Amino acid sequence: MDPYRVWLSEVMLQQTTVAAVTPRFERFVTKWPTVEALAAADDADVFAEWAGLGYYARARNLLACARKVAARGGFPASAADLRGLPGIGPYTASAIAAIAFGEAAPAIDTNIRRVIARLHALERPSDAEIEALLGNMIPAGRAGDFIQALMDLGATICRARAPRCDHCPLRTDCQAFATGQPEAFPAPKIKTVRPQRYGIAWWIERDGAVWLVRRPHKGLLGGMAALPSSDWGDSLAPDVNALSMVRHVFTHFALDLKIVRAGEPIGEGWWHPVDRLADAGLPTLFKRAAALAVAARRPCAAA
DNA sequence: AACTCGTGGTA
DNA sequence: TTACCAAGAGT
């Protein structure tokens with residue numbers, strides 16, 4: 001299988017559902033059919049194509065990786081050599097090696113971790129423990145098929161919530177099933193409180209265009225196009241005359257972002273036509289903010 | 001080792 | 001509505 005496609009799909013699928021990835025993958029490979037084409041792309045075009053997929057460090061690492069791979073003349077064919085490339089961690093290195101190159105690499109994702117943990121009724125298995133147990137299961141010459149089958153089992157039968165043990169081919173060997181509480185393995189993560197933050201984004205419009213900026217390369221939404229915004233603090237934004245507000249939930253905090261009209265451009269940026277906002281490559285937070293600003297600017301006449 | 005880093009679907 | 005969860009990696 002084409003290592004470029006395997007790599008791209010595996011990176012897109014990191015913490016992201018198949019349903020969300022599938023259409024985006026097709027667009028991506030149509031635009032950049034080879035790793036050489038991707039390596040030659042402009043950063044802003046790739047970031048825009050990634051907009052909405054989340055975890056934007058993946059897009060930055062994707063470009064860095066494509067350029068290294070193109071420079072060396074192709075993907076390395078072993079998990080060990082893939083592992084050092086930007087955005088390729090333990091799972092992705094093994095998955096590419098197994099699926100694209102047939103290496104018997106124990107690719108451990110959250111599905112496989114859950115299946116193995118339940119088979120042996122382990123509450124907090126270490127990576128090494130899972131890897132050893134999985135290694136014993138991989139049939140010779142079928143590593144890629146096997147790990148994909150195990151991932152599918154985890155995704156459809158051995159699900160995190162409400163596992164379908166009555167459909168499971170491993171039921172008679174499963175120690176978690178034997179306990180009567182298979183969903184108790186592995187132990188659920190400890191939940192933490194999600195802090196609330198507040199900020200302001202500015203809507204600056206002139207001659208049918210809005211002022212956009214590029215966020216700093218590191219940190220949240222790093223490298224992405226955005227509306228100019230304040231720092232996001234722990235206290236309520238001052239009482240400003242806002243066009244609207246977006247409530248957005250990130251992984252580790254929730255944000256109330258007020259959208260405020262301003263007159264002059266803020267920071268380094270560019271004018272983008274308001275009627276082509278869909279092409280601006282805004283991440284979801286700012287895409288929603290921009291949509292609300294447009295709606296507030298032109299209130300719908302129909303009640 | 002613990003924290004950072006998005007988003008949308010599901011129950 | 002709330003809470004959980006998803007084919008993890010980087011620091």
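Here the structure is a predicted model, which is why all the values come from computation and not from measurement. Residue numbers begin at 1 in each chain, while the letters A, B, ... track the order of the sequences. Just so it is clear, the values below take in all heavy atoms, side chains as well, and ignore hydrogens, waters and symmetry mates.
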Side-chain donor-acceptor pairs under 3.5 Å in residues 93-109 of chain A, sequence neighbours left out?
unit_1, atom_1, unit_2, atom_2, d
A/Ser94, OG, A/Pro90, O, 3.3
A/Glu103, OE1, A/Ala79, N, 3.1
A/Asp109, OD1, A/Asn111, N, 3.3
A/Asp109, OD1, A/Ile112, N, 2.8
A/Asp109, OD2, A/Asn111, N, 3.4
A/Asp109, OD2, A/Asn111, ND2, 3.1

Which side-chain N or O atoms in residues 188-195 of chain A pair as donor and acceptor under 3.5 Å with protein atoms at least two apart or in another chain?
unit_1, atom_1, unit_2, atom_2, d
A/Arg194, NH1, A/Phe250, O, 2.9
A/Arg194, NH1, A/Thr251, O, 2.7

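Near DNA chain B, meaning a heavy atom under 4.0 Å away, the residues from residues 245-256 of chain A are A/His248, A/Val249, A/Phe250, A/Thr251, A/His252. Using a 4.0 Å cut-off on heavy atoms, the residues of residues 47-54 of chain A that approach DNA chain B are A/Gly52, A/Leu53, A/Gly54, listed by number. DNA chain B lies under 4.0 Å from no heavy atom of any residue of residues 110-124 of chain A. Within residues 3-29 of chain A, the residues approaching DNA chain B are A/Gln15, A/Thr16, by heavy-atom distance under 4.0 Å.
For A/Gln181, there are no side chain to side chain donor-acceptor pair (under 3.5 Å) partners, not counting sequence neighbours. By the salt bridge (charged side-chain N to carboxylate O under 4.0 Å, His left out) test, A/Asp2 pairs with no residue at all, sequence neighbours left out. A search for side chain to side chain donor-acceptor pair (under 3.5 Å) contacts involving A/Asp45 returns nothing, not counting sequence neighbours.
When the nearest nucleotides of DNA chain C are assigned to A/Arg83 and A/Ala160 by heavy-atom distance, the more 5′-ward of the two goes with A/Ala160.
Chain A approaches DNA chain C within less than 4.0 angstrom (heavy atoms of the protein), and the contacting nucleotides run 5' to 3' from C/dC4 to C/dG10. Close approach of DNA chain B to chain A, defined as any atom under 4.0 Å from a non-hydrogen atom of the protein, starts and stops at B/dT4 to B/dG9.
Within the 4.0 angstrom heavy-atom criterion, only backbone atoms of the sugar-phosphate kind lie near A/Arg288; the bases stay farther away. Using a 4.0 Å heavy-atom cutoff across all strands shown, A/Lys191 reaches sugar-phosphate atoms only and no base atom. Backbone-only contact: A/Gly219 has heavy atoms under 4.0 Å from sugar-phosphate atoms and none from a base. Residue contacts for A/Pro90: at a heavy-atom cut-off of 4.0 Å it reaches the sugar-phosphate backbone alone, with no base atom in range.
Applying the side-chain hydrogen bond (donor to acceptor under 3.5 Å, both in side chains) test to pairs two or more places apart or on separate chains, none has a residue in residues 146-175 of chain A.
Here the side chain of A/Arg214 pairs no donor or acceptor atom with the backbone of A/Ala44 at under 3.5 angstrom.
Ring geometry for A/Trp211 versus A/Trp271: interplanar angle over 60°, hence perpendicular rather than tilted (30 to 60°).
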Pair A/Arg206-A/Glu264, salt bridge (charged side-chain N to carboxylate O under 4.0 Å, His left out): steps then yes or no: CA-CA 9 Å; A/Arg206 180 179 296 175; A/Glu264 295 299 318; 3.3 Å; yes

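Between the side chains of A/Thr16 and A/Arg58, at least one donor N or O lies within less than 3.5 Å of an accepting N or O. A/Tyr91 and A/Glu10 share a side-chain donor-acceptor pair at under 3.5 Å.
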